[in-house]
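Each remark here refers to the structure printed beneath this line.
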Amino acid sequence: MRTIKIFDTTLRDGEQSAGVNLNFSEKLEIARQLERLNVDIIEAGFPAASKGDFASVQKIAQTINNCSVTGLARAVISDIDAAWGALKDGAEPRIHTFLATSPIHRQYKLKKTKEEVVETAVETVKYAASKFPIVQWSAEDATRTELPFLAEIIEKVIQAGATIINIPDTVGYTTPQEYGEIFQYLRNHVPSIDKVSLSAHCHDDLGMAIANSLSAIENGATQIEGTINGIGERAGNAALEELAVALYIRNNHYQASTRLNLQEISRTSSLISKLTGMVVPANKAIVGRNAFAHESGIHQDGVLKEKTTYEIISPDLVGFQSNSMVLGKHSGRHAFKNRLSELGLEVADEEANRLFTVFKDLADRKKEMTDDDLAAIVLEEKLSKEQRFYDLIGIQIQYGTNSVPTATVTLSGSNNEVIQEAGTGAGSIEALYNTLEKCLNGTANLLDYRIQSVGAGRDALAQVYVKLNYEGVETSGRGLAQDVLEASSKAYLNAVNRVIYMKEKAQAQAVEAN
Ligand SMILES: CC(=O)SCCNC(=O)CCNC(=O)[C@H](O)C(C)(C)COP(=O)(O)OP(=O)(O)OC[C@H]1O[C@@H](n2cnc3c(N)ncnc32)[C@H](O)[C@@H]1OP(=O)(O)O
Ligand SMILES: CC(C)C(=O)C(=O)O
C-alpha cells in the first residue's frame with residue numbers, strides 16, 4: 001500500500017477564489033484545523049504578494065508543528081527571499097517555486113524563449129536550494145507543454161536542486177488518460193526522475209480534477225495538491241476530501257492511502273465554508289448536506305433493510321454527527337461546555353462563560369440550538385473579538401408596504417462613546433446601511449450582499465456576508481444573528497472594523513519601521 005502525501009493549498013490557491021478574502025486570524029484558524037485533519041503540507045500563502053500574506057505565512061510556519069508549511073514564489077529572487085523570510089523559522093522550511101512552460105504562456109505572458117525559461121528556472125531553483133532544504137518546482141501549464149521540452153526542463157531543475165516536481169494542470173484542460181501518460185512519459189524520459197517525488201495539481205474547469213489526480217496516482221504521483229471543498233481559482237481545485245475518501249473506499253483498486261484523519265473532514269469543510277463564504281452545494285460529494293440523505297421510497301426501504309444497499313460511505317467516517325442531545329434555553333453551563341468539547345471546539349473557561357451568555361441570549365429566541373449554531377457562535381466570537389472598533393448596541397427598523405423604511409441605529413465607538421443616528425432607504429437593508437454609514441467617520445460602498453441560513457428550520461440563524469469598500473479599501477465581513485437585519489448590521493460593522501484594524505496595524509508598523 002503506497003502512502004500519498006496531501007498538499008493542501010486552501011490558503012493559497014483556495015484563497016484565489018473570486019470574492020474570498022481571509023484575514024490573519026481566519027487563516028491561522030484554518031491552518032490549525034488543517035493540522036487536526038493531518039494534511040502533510042500546508043501551502044499557507046504567497047509571501048511576496050502582500051505584507052498581510054507574508055505575516056500570515058510566517059505566523060502559520062511558527063505555529064504549526066505537525067505538518068510542513070510552505071509558501072509560493074515566482075521564479076524571481078525577491079519572491080524567494082520573501083518566502084525565506086516568512087518560512088525560515090518553521091519546523092521544515094520548504095519553498096514552492098514555479099514558472100510556466102507552455103508555448104502560450106512563454107510567448108504571451110512571460111515573453112521568453114524556451115532557452116530563457118530554462119535559464120530562469122535553473123538559476124532560481126539553484127538560489128532557492130541554497131536556502132531551503134526542500135524545493136518544490138512547478139511547471140505551470142505543464143499539460144499544454146511540449147513533452148520533450150517538459151522533460152528537458154525538469155531534468156535541469158532537478159540537477160539545480162529541486163526535490164519535488166509538480167505537474168500542474170493549471171487550466172483544467174487535460175483528461176485522465178492524457179495526464180497519466182504525461183507522468184509515464186516523464187518517468188521514462190527524465191534521467192534523474194527517481195531522485196524526486198512527483199506531485200499532481202489539478203483544476204476543475206472540465207470537472208475532471210479528481211479523476212485526473214487519481215490517474216496521476218496510478219501513474220507514479222506520490223503527492224496530490226488540492227483544497228478543501230474544492231475551492232480555488234475559476235472552477236476550483238481537486239477537492240481533497242473527495243480524493244482521500246475515494247482512496248479509502250476504493251483502496252482495493254488504488255492500493256494507496258493518505259494520512260488524513262477522515263473524521264475531521266466535516267468540521268474542516270464547514271469551517272472553510274463559513275470563513276470563505278463559499279457555500280458547499282447540497283449535492284457535493286462527501287460534504288454536501290444531501291451526501292448522506294435518502295429521499296425516495298425505494299432507497300429508504302433499502303437503507304432501512306440494509307444500509308449498504310445505497311450507502312457506500314458511512315456518515316460517521318467523515319465526522320458527520322448523529323447526536324440527538326438537544327441544547328436550548330433550559331440548558332446550563334455544564335451541558336454547554338460539554339457539547340463544545342464534544343464538538344472539538346477548544347475554548348478557555350473564561351471565554352466559555354462569555355460564549356454561554358451569547359448562547360443563552362440566542363436560545364431564548366430560538367427553539368433549538370444545533371451543533372452548526374454552536375460552531376458558528378464560537379467562531380464569530382473568537383475571530384471578531386480583537387477587531388472591534390464599532391460595536392452594535394441596537395437597531396430598530398420600521399417597514400411597511402406603503403411607508404418609507406426607516407432605521408435607528410445605536411453603536412458604541414472605539415472610546416465606548418454612544419453613537420446614534422436615524423435614516424431612511426428604499427428598503428429595510430438600504431435604510432439600515434444608510435444609517436450605519438451616518439454613524440461612521442467614513443464612506444462605505446456596498447459591493448455585494450449575501451445571506452445564508454445556518455442549519456434548517458424557520459428559526460435558523462442567519463449568516464450574512466457583505467463585501468464593501470470603506471474609505472477606499474475593499475474588504476468583506478460576516479455577521480451572525482437570529483434576525484437577518486441584526487446579522488446584516490453585524491456583517492457591515494465587521495467589514496468596517498477590519499479596514500480600521502488593517503489601517504491601524506499598517507500605521508503601527510510604519511511607526512515601528514521608523
Ligand atoms: C497558476 C497560479 O495560480 S500562480 C499564482 C497566482 N497568484 C497570484 O498571482 C496572487 C499573488 N499575486 C500578486 O500579488 C501579484 O501578482 C505579484 C505581487 C506576485 C506581482 O505583482 P506585479 O509585480 O504587479 O505583477 P503582475 O501581477 O501585474 O504581473 C505578473 C508579472 O510576473 C511575471 N510572472 C508570472 N509568473 C511568473 C513566474 N512564475 N516567474 C517569474 N515571473 C512570473 C509576469 O510575466 C509579469 O511580469 P511582467 O511585469 O514583466 O510582465
Ligand atoms: C502555482 C501552480 C502550482 C498553480 O497553482 C497552477 O498551476 O495552477
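Note that ligands are numbered from 1 as they come in the structure, with each ligand's atoms numbered from 1 the same way. Since the model is a prediction, treat every value here as computed from it, not as a measurement.
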- Checking heavy atoms under 4.0 Å, the part of Glu233 that sits near ligand 2 is neither
- Query: Should the ring pair His201 and His203 be called parallel, tilted or perpendicular, given that the plane angle runs from 0 to 90° and is split at 30 and 60?
  - Reply: tilted
- Message: For atom 8 (O) of ligand 2, tell me which residue out of Arg74, His105, Glu43, His203 has the closest non-hydrogen atom.
- Response: His203
For [X], counting its heavy atoms only, list the atoms of ligand 2 lying under 4.0 Å from any of them.
X      : result
Asn166 : 3 (C)
Asp13  : 5 (O)
Glu140 : 7 (O)

- Stepwise side chain to side chain donor-acceptor pair (under 3.5 Å) test for Thr143 and Glu178: CA-CA 9 Å; Thr143 53; Glu178 281 168 4; over 6 Å; no
Quick test: of every protein heavy atom, which one is nearest to [atom], and how far off is it to 0.1 Å?
atom                    : value
atom 4 (C) of ligand 2  : His201 NE2, 3.5 Å
atom 51 (O) of ligand 1 : Lys109 O, 4.7 Å
atom 40 (N) of ligand 1 : Ala75 N, 2.9 Å
atom 21 (O) of ligand 1 : Arg74 NH1, 4.6 Å

- N/O of Asp13 under 3.5 Å from N/O of ligand 1, yes or no? no
- Query: Can you find an N/O atom of Ala48 closer than 3.5 Å to an N/O atom of ligand 1?
  - Reply: no
- Query: Within the structure, does Arg12 bring an N/O atom to less than 3.5 angstrom of an N/O atom in ligand 2?
  - Reply: yes
- Message: Closer than 4.0 Å to some heavy atom of Leu72 - which atoms of ligand 1 meet that?
- Response: 5 (C)
- Can you list the atoms of ligand 1 that are under 4.0 Å from a heavy atom of Arg12? 2 (C), 3 (O), 5 (C)
